[in-house]
K.L.:
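Take this structure first; my questions come after.
Quick note: residue numbers are just sequence positions, from 1. The shown structure was predicted, so the numbers you read here are calculated from the model rather than taken from an experiment.
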Amino acid sequence: MSSHLPAPGFEPNFFSDYSIILDHSVADVFTVVGTSAGHKRVTRLSTMCSGFELLHNDTIAISQASSLKDVSVRTASSAENEETPMRVLPRQFFVLQETAPVLFGLLKVQVTLAGTLTWDEEFKITLYESKPKSGLEILVWKRRVFERLEEKRTKVTETVRGKCPVWLRGIVQRQTRSGHIAHMDAYHTLF
């Protein structure tokens, strides 16, 4: 049976919450923004993204009473070929390269992140989790919740929780907040 941690799986020290409304049905928005079908396009919207590759996919199992809102499943064992009374959800592995400005933009540092995107079609929730393949330990846990407002209007709310070295917290918090808003504000270009 797969194991999972309470969300976000670590003690966060940077945060961002933001919502947007898209003039498209929840089914369309969820497929594009919340599943592997649109993950590459969504990720490439970030100005820091300099490379992206989808890897293998599998499934994970969470209890019937659990929600992706409340767990961390990046490191959970696969539920492939398991007979289980638990809820089985798809998980997509990926590698992402980000180029981040440091020292007031004088230098740019490339970081390679390994991550997963897990989604729950029934409850319209997506969970993005990543960590660097090497170097500084900057963990990101991002939850997307999709809410139908009207037939062709969908609210997308993202919650970002992360952990980084204390000495980087100020700059990471500022970049997370501004980058998060800019990234989500570009979602409308996917439709």
K.L.:
What distance separates Glu122 CD from Leu89 CG, expressed to the nearest 0.5 Å?
P.N.:
9.5 Å
K.L.:
Test side-chain hydrogen bond (donor to acceptor under 3.5 Å, both in side chains) on Gln110 and Ser50 and set out the steps.
P.N.:
CA-CA 8 Å; Gln110 189 172 63; Ser50 54; 3.0 Å; yes
K.L.:
Has Ser63 got a side-chain atom pairing as donor or acceptor with Ser66's backbone, closer than 3.5 angstrom?
P.N.:
yes
K.L.:
So do Ile138 and Lys163 actually touch side chain to side chain, heavy atoms under 4.5 Å?
P.N.:
no
K.L.:
Applying the side-chain hydrogen bond (donor to acceptor under 3.5 Å, both in side chains) test to Arg91, which of Asp58, Thr118, Thr116 qualifies?
P.N.:
Asp58
K.L.:
Between atom SG of Cys164 and atom CG of Asn13, what is the distance when rounded to the nearest 0.5 Å?
P.N.:
4.5 Å
K.L.:
Taking atom CD as the centre, does Gln64 end up with more than 12 heavy-atom neighbours from other residues, nucleotides or ligands that are less than 6.0 angstrom away?
P.N.:
yes
K.L.:
Can you tell whether the side chains of Asp23 and Lys152 come within less than 4.0 Å, N to carboxylate O?
P.N.:
no
K.L.:
Phe15, Ile20: one ILVMFWY side-chain cluster at the under-4.5 Å cut-off?
P.N.:
no
K.L.:
Using the rule that Ile, Leu, Val, Met, Phe, Trp and Tyr join whenever any side-chain heavy atoms are under 4.5 Å apart, tell me whether Val32 and Leu96 fall into a single cluster.
P.N.:
yes
K.L.:
I would like to know whether Leu117 and Arg144 meet side-chain contact (heavy atoms from CB on, under 4.5 Å); could you show each step before the answer?
P.N.:
CA-CA 11 Å; Leu117 185 75; Arg144 289 184 186 129; 4.2 Å; yes
K.L.:
Go through the steps for His24 and Thr154 under the test side-chain contact (heavy atoms from CB on, under 4.5 Å), then give the verdict.
P.N.:
CA-CA 6 Å; His24 299 278; Thr154 301; 5.6 Å; no
K.L.:
Do any N or O atoms from the side chain of Arg161 and from the backbone of Val140 form a donor-acceptor pair under 3.5 angstrom?
P.N.:
no
K.L.:
Using only heavy-atom distances, determine whether the side chains of Glu129 and Ser72 contain a donor-acceptor pair under 3.5 Å.
P.N.:
yes
K.L.:
Would you check if the distance from the ring center of Tyr128 to the ring center of Phe94 is below 6.0 Å?
P.N.:
yes
K.L.:
Taking the six-membered ring where the residue is Trp, are the ring centres of Phe52 and His39 under 6.0 Å apart?
P.N.:
yes
K.L.:
Distance check, rounded to the nearest 0.5 Å: Gln175 atom CD versus Leu168 atom CG?
P.N.:
9.0 Å
K.L.:
Nearest 0.5 Å, please: how far is CZ in Phe123 from CG in Leu68?
P.N.:
10.0 Å
K.L.:
If you compare all heavy atoms of Lys155 against all heavy atoms of Thr157, which two are closest, and at what distance to 0.1 Å?
P.N.:
CE-OG1, 3.6 Å
K.L.:
Who pairs with Glu151 by salt bridge (Lys or Arg N to Asp or Glu O under 4.0 Å), at least two apart in sequence or on another chain?
P.N.:
Arg148
K.L.:
Can you name the closest pair of heavy atoms from Ser36 and Trp119 and give their distance?
P.N.:
OG-CH2, 3.4 Å
K.L.:
Applying the side-chain hydrogen bond (donor to acceptor under 3.5 Å, both in side chains) test to Ser16, which of Glu158, Gln173, His180 qualifies?
P.N.:
His180
K.L.:
Does a side-chain heavy-atom distance below 4.5 Å link Ser19 with Val145?
P.N.:
no
K.L.:
For Val26 and Phe146, work out which heavy atoms get closest and say how close.
P.N.:
CG2-CB, 4.0 Å
K.L.:
Using the rule that Ile, Leu, Val, Met, Phe, Trp and Tyr join whenever any side-chain heavy atoms are under 4.5 Å apart, tell me whether Trp167 and Ile171 fall into a single cluster.
P.N.:
yes
K.L.:
Is it the case that the side chain of Gln92 and the backbone of Leu55 share a donor-acceptor pair, with hydrogens and angles ignored and the cut-off at 3.5 Å?
P.N.:
yes
K.L.:
Would you check, one step at a time, whether the test side-chain contact (heavy atoms from CB on, under 4.5 Å) holds for Arg153 with Ile21?
P.N.:
CA-CA 7 Å; Arg153 285 179 59 85; Ile21 295 175; 3.4 Å; yes
K.L.:
Using the rule that Ile, Leu, Val, Met, Phe, Trp and Tyr join whenever any side-chain heavy atoms are under 4.5 Å apart, tell me whether Ile181 and Val156 fall into a single cluster.
P.N.:
yes
K.L.:
Given the rule that I, L, V, M, F, W and Y join up when any side-chain heavy atoms are under 4.5 Å apart, are Leu127 and Val95 in one cluster?
P.N.:
no
K.L.:
Rounded to the nearest 0.5 Å, what separation is found between the OG1 atom of Thr112 and the NZ atom of Lys133?
P.N.:
7.0 Å
K.L.:
Ion pair present between Arg143 and Asp17, side-chain N to carboxylate O less than 4.0 angstrom?
P.N.:
no
K.L.:
Please give me the minimum heavy-atom distance between Thr126 and Gly34, naming the atom from each residue.
P.N.:
OG1-O, 2.7 Å
K.L.:
State whether the side chain of Thr189 and the backbone N or O of Ala186 hold a donor-acceptor pair below 3.5 Å, judged by distance alone.
P.N.:
yes
K.L.:
Can you give me the closest heavy-atom contact between Thr31 and Ala27, atom names plus distance?
P.N.:
OG1-O, 2.9 Å
K.L.:
Let me see the working for Phe30 and Ser25 under side-chain contact (heavy atoms from CB on, under 4.5 Å), right down to the final yes or no.
P.N.:
CA-CA 8 Å; Phe30 184 77; Ser25 71; over 6 Å; no
K.L.:
Which value, rounded to the nearest 0.5 Å, describes the distance between Asn57 atom CG and Phe93 atom CZ?
P.N.:
9.0 Å
K.L.:
Ignoring hydrogens and angles, tell me if any N or O in the side chain of Arg74 forms a donor-acceptor pair with the backbone of Gly9 under 3.5 Å.
P.N.:
no
